[in-house]
Amino acid sequence: MFRKTSSVEFLRYGDVYSEPEALCFDSKTRYSLPVQNQDLIFLYQADQDVCLYCSSGITLLVVSEELKPETFRNFVIHRYIRLRKGMYFNFISLSDKAAVTLAFPEGTKIHSCFFEQEYHYAHIVPRLHIRDLIAYYYNVRSANYNFAGEKNQFWELTYVDSGTLITEIEGVRYAVEENQCIFYAPDQFHTQATEDGLCSYLTVVVGMDIIDQYKYRLMNRVFTCDRDTRKAIEMFVASDSKLSIYDREMMILSLERTILNILKSTEVITEKAASTPMQQKFENEMIEQIVLYINENISEPLSVEDLCDHFTLSRSSLQALFRQNLNTAPKEYISSLKLKKSQALIRESKYTISEIASMLGFSSIHYFSRKFKSEFGISPSEYANKII
């Protein structure tokens, strides 16, 4: 978050005023300074107070009490400023063009103070951009499906909804399972196949600009999608059915969010560990018992209160247990598990949609259908019709 010179943090370097009259601008020597810098190798230092304001554009004030880059602080210039004498300062333009008006007493000496390490301000700019959404389709493949392979000039994302997809990329074999995805980079030859059971998956082909640092993180690996990533994929699928120009834009944004979430997952993040090995052992055993209980009672209308009562846990303790160990909430876990079970039952083709809704404890077929479409972007009957 940007800080303005009108914020409290700025007061250690100077003062801020709403009107120029308080600074007696007209009684001082005035100088207009064009600002084009993105990198700084020196800061100014004056032997008298310096008054200033941003006369055009948007300008970042870099200021410090010491000539050490690690102590530099940034403030967007807001209102009329008086910098105390002895402060080190310079300016970086945040807009295409900017200018700062300086005012100081006649005879003021202003020095340029150079430092060894260049100070660089990095603008926030996109490093990933989807230019074109070329094609997208949902596939449901039966056992022993085999696609001999292809390569093209675009990026391709394959997200497995259920089952296991076997794919080879330039001769290297990968198994992509439920809630996992894989990327094919431009000109990467790849095959796809199934083995023992059905597999359903979403394929999206895009023209994408991406920096090399991101590109190599996406290539030649299988990613497990967290809930936020799955929600972005679901938003992509849901937007397709609405057809307005805004929903088309939302599809692009959803894809970019999906890819950025996956890139973020490649970062090395230190997770908060349990306080002691014994505490972690207790949490592991407890979560295993709860998950087993949910699986065994998946056909019942389970609630968070039911789990709390059965395992003698407070609601907050149960929520924390799921968040820290499964990265989801208990209610979301139950709902997701019921819907995944419903997919498996639909693929068996033994029961009607109404029977499945009843078997899994949904209050009505309409509620079940609404939840199913919200989770997977397709209605239960549409999903059943796609099975081949």
Side-chain angles (χ1 to χ4, degrees), residues 1-128 228 253 256-257 260-261 263-264 267 269-270 272:
M1 189 71 68
F2 284 102
R3 292 169 296 198
K4 295 182 179 180
T5 49
S6 53
S7 66
V8 173
E9 293 94 328
F10 178 73
L11 295 179
R12 67 182 296 178
Y13 308 106
D15 303 299
V16 60
Y17 300 87
S18 298
E19 302 295 337
E21 290 78 8
L23 297 174
C24 303
F25 262 83
D26 294 337
S27 64
K28 298 178 174 67
T29 300
R30 300 177 67 167
Y31 177 72
S32 181
L33 178 68
V35 181
Q36 298 175 327
N37 301 325
Q38 299 299 316
D39 304 298
L40 300 180
I41 58 173
F42 71 90
L43 298 185
Y44 299 108
Q45 187 183 45
D47 63 355
Q48 299 291 330
D49 290 356
V50 173
C51 303
L52 62 94
Y53 68 94
C54 184
S55 49
S56 68
I58 302 175
T59 305
L60 197 68
L61 169 65
V62 180
V63 62
S64 180
E65 296 170 313
E66 303 178 69
L67 197 62
K68 298 178 181 178
E70 63 268 22
T71 69
F72 295 176
R73 297 294 178 265
N74 301 330
F75 297 90
V76 177
I77 298 177
H78 186 222
R79 299 179 180 169
Y80 298 88
I81 309 305
R82 180 169 61 205
L83 276 176
R84 287 194 291 275
K85 66 179 181 180
M87 293 294 147
Y88 296 94
F89 65 95
N90 206 337
F91 308 98
I92 289 175
S93 176
L94 296 181
S95 52
D96 292 338
K97 295 181 180 180
V100 173
T101 297
L102 304 175
F104 37 82
E106 187 176 350
T108 299
K109 295 179 181 179
I110 301 178
H111 305 282
S112 297
C113 304
F114 291 83
F115 47 90
E116 293 182 2
Q117 181 182 346
E118 183 179 72
Y119 184 78
H120 175 71
Y121 173 76
H123 284 269
I124 300 175
V125 295
R127 299 185 178 187
L128 178 154
D228 193 45
L253 293 175
E256 290 180 342
R257 176 181 168 187
L260 288 171
N261 279 345
L263 284 167
K264 189 174 179 181
E267 294 180 329
I269 300 174
T270 304
K272 181 180 178 182

Trainee: Would you say CD of Glu70 has more than 12 non-hydrogen atoms from neighbouring residues, nucleotides or ligands within 6.0 angstrom?
Mentor: yes
Trainee: Keeping Ser64 on the side-chain end and Tyr88 on the backbone end, is there a donor-acceptor pair under 3.5 Å?
Mentor: no
Trainee: Sub-3.5 Å donor-acceptor pair from the side chain of Asn90 to the main-chain atoms of Phe42, do we have one?
Mentor: yes
Trainee: Report the C-alpha distance between Ser112 and Tyr44 in whole Å, list the side-chain angles of each, state the deciding distance to 0.1 Å, and finish with yes or no for side-chain contact (heavy atoms from CB on, under 4.5 Å).
Mentor: CA-CA 5 Å; Ser112 297; Tyr44 299 108; 3.9 Å; yes
Trainee: Report yes if the side chains of Val62 and Tyr121 come closer than 4.5 Å at any heavy-atom pair, otherwise no.
Mentor: no
Trainee: Main chain of Tyr53, side chain of Thr101: is a donor-acceptor contact present, judged purely on distance under 3.5 Å?
Mentor: no
Trainee: Would you call Val63 and Thr5 a side-chain contact if the rule is heavy atoms closer than 4.5 Å?
Mentor: no
Trainee: Would you check, one step at a time, whether the test side-chain contact (heavy atoms from CB on, under 4.5 Å) holds for Ser18 with Arg79?
Mentor: CA-CA 6 Å; Ser18 298; Arg79 299 179 180 169; 4.1 Å; yes
Trainee: Is there a side-chain contact between Asp47 and Thr108, using heavy atoms and a 4.5 Å cut-off?
Mentor: yes
Trainee: Decide yes or no for Glu65 and Tyr13: does some side-chain heavy atom of the first lie under 4.5 Å from some side-chain heavy atom of the second?
Mentor: yes
Trainee: So, taking the atom named CG in Leu61 and the one named CZ in Arg3, what distance separates them when rounded to the nearest 0.5 Å?
Mentor: 11.0 Å
Trainee: So does Arg30 have more than 12 non-hydrogen atoms from other groups sitting under 6.0 Å from CZ?
Mentor: yes
Trainee: With sequence neighbours left out, what residues match Tyr119 under ring pair (Phe, Tyr, Trp, His ring centres under 6.0 Å)?
Mentor: Phe72
Trainee: Can you label the angle between the Phe10 ring and the Phe75 ring as parallel, tilted or perpendicular, going by 30° and 60°?
Mentor: perpendicular
Trainee: If you count heavy atoms of other groups shown closer than 6.0 angstrom to CG of Asp39, is the number above 12?
Mentor: yes
Trainee: Taking atom CD of Gln38 as the centre, does the number of heavy atoms from other residues, nucleotides or ligands within less than 6.0 Å exceed 12?
Mentor: yes
Trainee: Do other residues, nucleotides or ligands put more than 12 heavy atoms under 6.0 Å from the CD atom of Glu118?
Mentor: yes
Trainee: Report yes if some heavy atom in the side chain of Phe89 is under 4.5 Å from a heavy atom in the side chain of Ile81; otherwise report no.
Mentor: no
Trainee: Measuring from Leu94:CG to Thr59:OG1, what's the distance to the nearest 0.5 Å?
Mentor: 7.0 Å
Trainee: If you measure from CE on Met87 to CZ on Arg82, what distance do you get to the nearest 0.5 Å?
Mentor: 12.5 Å
